[in-house]
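First the structure, in the form of structure tokens, and then the observations on it.
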Amino acid sequence: MLLPKINPTTTKAWKKLTQHFEETRNLKMQDLFSNDVSRASKKVIDWEDFYVDYSKNRITHETLTLLFELAEEVKLKEAITSQFEGETINETEDRKVLHTALRDFNNRKPEVAETLQKMKLFSEEIIKGNWKGHTGKSIDTIVNIGIGGSDLGPDMVVESLRYYRNHLNVQFISNVDGDHVMETLKGLNPETTLFIVVSKTFTTQETLTNANTIRSWFLENASEEAIAKHFVAVSSNLEAVKTFGIDSENSFPMWEWVGGRFSLWSAVGLSICCAIGFPNFEKLLQGANEMDTHFQDTPFSENIPVVLALLSIWYNNFYGTETEALVPYSQYLNKLVAYLQQGVMESNGKSIDRNGEPINYQTGTIVWGGTGTNAQHAFFQLVHQGTKLIPIDFICFSKSLHGKEDHQNKLLANCIAQTEALLNGTYKKEVETPFKVFDGNKPSNTIVIKKLTPNSLGKLLAMYEHKLFCQGILWNIFSFDQWGVELGKKLAKTTLTAIETNNTTMINNSSTKGLLKKVNS
Ligand SMILES: O=P(O)(O)OC[C@H]1O[C@](O)(CO)[C@@H](O)[C@@H]1O
């Protein structure tokens, strides 16, 4: 079945939610807690090593009931089935959406199994030092060249699982900014470095420019034949890879049915395999697969991604919040926000619905944030006392990896204290000056995970993938295309010609002309 095309605002549940919002908008969470001593235990999902406390939200039992009714009415369950069964739900690109198949251990597609085996062998050879560079030395440095989904996912996972890393130095080059490339190359030894060029299309300007620059830098001291020992590629465009000079032996496939921002589970994760070893990469896939099963099989009331998505709809579409913050209390997760910004905002930043009609309600939330406790000393002032309502996801781990108990206790104390401060504020307390008043009543979810492992990271990432999928279904938009990035790419080509030829006659806009004059002067 293709995706249902139901405008959520025309449903019965939406109308009831609108009325319910009017009736409950002035309720204080502080009172909801005082009036129900068991609130905290009722609004929790305790699943495997995840504990999701969503009690600190501006919701009553009825709010949840109506949100679940909304999910039923827009046929969320059927949509989930369509995705996992490989229906062509990315209609505007005529593609299936099957990143979940990359981590499905029970029904592994032959091409996935074959690619995983190739990734395993390749990464083992590199890690053991058996893969030699052109002068006979082992590889000690891996550089991933890619951008967007071909960079953010692997970079974030390699950083998040730094604790599990081996001796290899793994780096990432993404920006077309030549200073970025030259700074990175400065510290590299071409004899012991291997470059992984990752691009699904193999037409992306940034990636190809960087790959060509690096190729020329490499050839300053090596012959063409040496390329085979220092460059491999991951792409669905194997012809273009060949033209670049990388032969099929050194190419890893990608498939049309995996979107760039959901691709770290594919051969795009090759740098992850090198950094943490293939067995750990498999554990990452396993964790994601466990979340996939939870998402598919669990009733909505206990379903973590579904509940998180519905809460987000409640704030976005009824309270009119524009953003959601994400605050992981783990320095390892310092790249998570940037990664999820692509996932969430490239997917759900849409204003045309699945019927092709303009939308007259809010869609995609703006995702931002930073790691705790640092964020407390940066943007938390605004969250506590500013005029905007900002729902937050707090993420923390019960156990630290290095076992520094004193630090861990302080880290967790800060995380949990923040959720309480946001909830309670100084409600019903005597405060001597208005400047020290905290209204509280600020919503948050707290996601407590036992320990940061490849498995739990896999679950966490899949949780957010499924959350954004549900949001897209509820908003009646197509989450798996990204036409909104094309216009800028096209215009950049004309603008580049104007810069290279120092000729602005083909430029129509007067501001653009002025800017070009300035940069070319
Ligand atoms: O892997 P490619 O084809 O180089 O694309 C990189 C990124 O560019 C985008 O298409 C957006 O410009 C992303 O969706 C994608 O992850």
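Note that this is a predicted model, so its numbers are computed, not measured. Along the sequence shown, residues are numbered consecutively beginning with 1. Order of listing sets the numbers, starting from 1, for every ligand and every atom in it.
Proximity to Gly149 (heavy-atom distance under 4.0 Å) selects the following atoms of ligand 1: 15 (C), 16 (O). Distances below 4.0 Å separate heavy atoms of Lys489 from the following atoms of ligand 1: 10 (O), 12 (O). For ligand 1, the atoms lying closer than 4.0 Å to a non-hydrogen atom of Thr204 are 2 (P), 3 (O), 4 (O), 5 (O). Close approach to Ile147 involves these atoms of ligand 1, each under 4.0 Å from a residue heavy atom: 6 (C), 7 (C). Close approach of ligand 1 to Thr201 (heavy-atom distance below 4.0 Å) involves ligand atoms 2 (P), 3 (O), 4 (O). If you number the atoms of ligand 1 from 1 as listed, the ones under 4.0 Å from a heavy atom of Ser199 come out as 1 (O), 2 (P), 3 (O), 4 (O). The atoms of ligand 1 that sit less than 4.0 Å from any heavy atom of Val485 are 11 (C), 12 (O). The atoms of ligand 1 that sit less than 4.0 Å from any heavy atom of Glu346 are 11 (C), 13 (C), 14 (O).
To the nearest 0.5 Å, atoms NE2 (His134) and CZ (Phe218) are separated by 5.0 Å.
At least one heavy atom of Gln342 sits less than 4.0 Å from an atom of ligand 1. Ligand 1 lies nowhere less than 4.0 angstrom from a heavy atom belonging to Glu486.
Residue contacts with ligand 1: Thr207 is placed with no nitrogen or oxygen under 3.5 Å of a nitrogen or oxygen of the ligand (distance criterion only).
Below 30°, between 30° and 60°, or above 60°: for His99 and Phe480 the angle between ring planes is between 30° and 60°, a tilted geometry.
Between the side chains of His466 and Asn303, no donor-acceptor pair is found at a separation under 3.5 Å. Residues Lys132 and Ser138 bring a donor and an acceptor atom of their side chains to less than 3.5 Å of each other.
A salt bridge does not link Lys96 to Glu87: none of the charged nitrogens lies less than 4.0 Å from a carboxylate oxygen. Using a cutoff of 4.0 Å between basic side-chain nitrogens and carboxylate oxygens, Glu465 and Arg103 are scored as salt-bridged.
Every residue meeting the side chain to side chain contact (heavy atoms under 4.5 Å, CB included) condition with Ser312, not counting sequence neighbours, appears here in chain and number order: Glu324, Thr365, Lys467, Gln471.
The one candidate from Leu188, Asn144, Ile246, Ile227 that meets the side-chain contact (heavy atoms from CB on, under 4.5 Å) condition with Phe195 is Leu188.
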